[in-house]
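Following: one structure in structure tokens, then a few remarks.
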Amino acid sequence: MVSLLMVFILFGSLLPVMIGIQHSLQVKKERVSAFETLHEAAREISTTGNLQGQRTVNNILYSWEMEEQLCVDYVDYKEQRRRICID
């Protein structure tokens, strides 16, 4: 009985921590892909002159556009719209 209680306590405390870590890693992976998209967009602007484009990474569509700033838009794994811009 005591060992069963210890197993419940152990897994009950580790599961939320693991979910938090997975969430944090997923957000970081998406942001890295967004910044890579910004980098590739800057290279494409300088070579071809295109002012907008798209890139798909891990089934997430990253759309970039150069207006006043170079920005990338994407919908994250929680279905929330994100926008990252650089000057």
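The figures that follow rest on heavy atoms only: side chains count, while hydrogens, waters and symmetry mates do not.
Without hydrogens or angle criteria, D76 side chain to K78 main chain gives a donor-acceptor distance under 3.5 Å.
The shortest side-chain heavy-atom distance between R82 and R31 does not fall under the 4.5 Å cut-off. Here the side chains of W64 and E40 are not in contact, with every heavy-atom distance at 4.5 Å or above. For the pair Q69 and I86, the minimum side-chain heavy-atom distance is 4.5 Å or more. For the pair F35/I84, a side-chain contact is recorded, criterion being any heavy-atom separation below 4.5 Å from C-beta on. Considering only heavy atoms from C-beta on, D73 comes within 4.5 Å of R81 through its side chain.
Residue-environment remark: CD (Q80) exceeds the threshold of 12 foreign heavy atoms within 6.0 Å.
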Walk me through whether I60 and Y62 qualify under side-chain contact (heavy atoms from CB on, under 4.5 Å). CA-CA 6 Å; I60 297 176; Y62 295 88; 3.7 Å; yes
Are V72 and R83 close enough, and set up right, to give a side-chain contact (heavy atoms from CB on, under 4.5 Å), and what steps lead you there? CA-CA 6 Å; V72 64; R83 182 176 183 95; over 6 Å; no
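Of all non-hydrogen atoms in I45 and N50, the two that sit nearest each other are CG1-O, 3.0 Å. What you find for L70 and L38 is that their closest heavy atoms are CD2-O, 3.6 Å.
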All N/O donor-acceptor pairs, side-chain side in residues 6-27, below 3.5 Å, sequence neighbours left out:
from, atom 1, to, atom 2, distance (Å)
S13, OG, I9, O, 3.1
S13, OG, L10, O, 3.0
H23, ND1, Y77, OH, 2.1
Q26, NE2, E30, OE2, 3.2

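One finds the CD atom of E44 at 12.0 Å from the NE2 atom of H39 (value rounded to the nearest 0.5 Å).
Applying the disulfide (SG to SG under 2.5 Å) test to every pair with at least one member in residues 7-81, sequence neighbours left out, gives these pairs: C71-C85.
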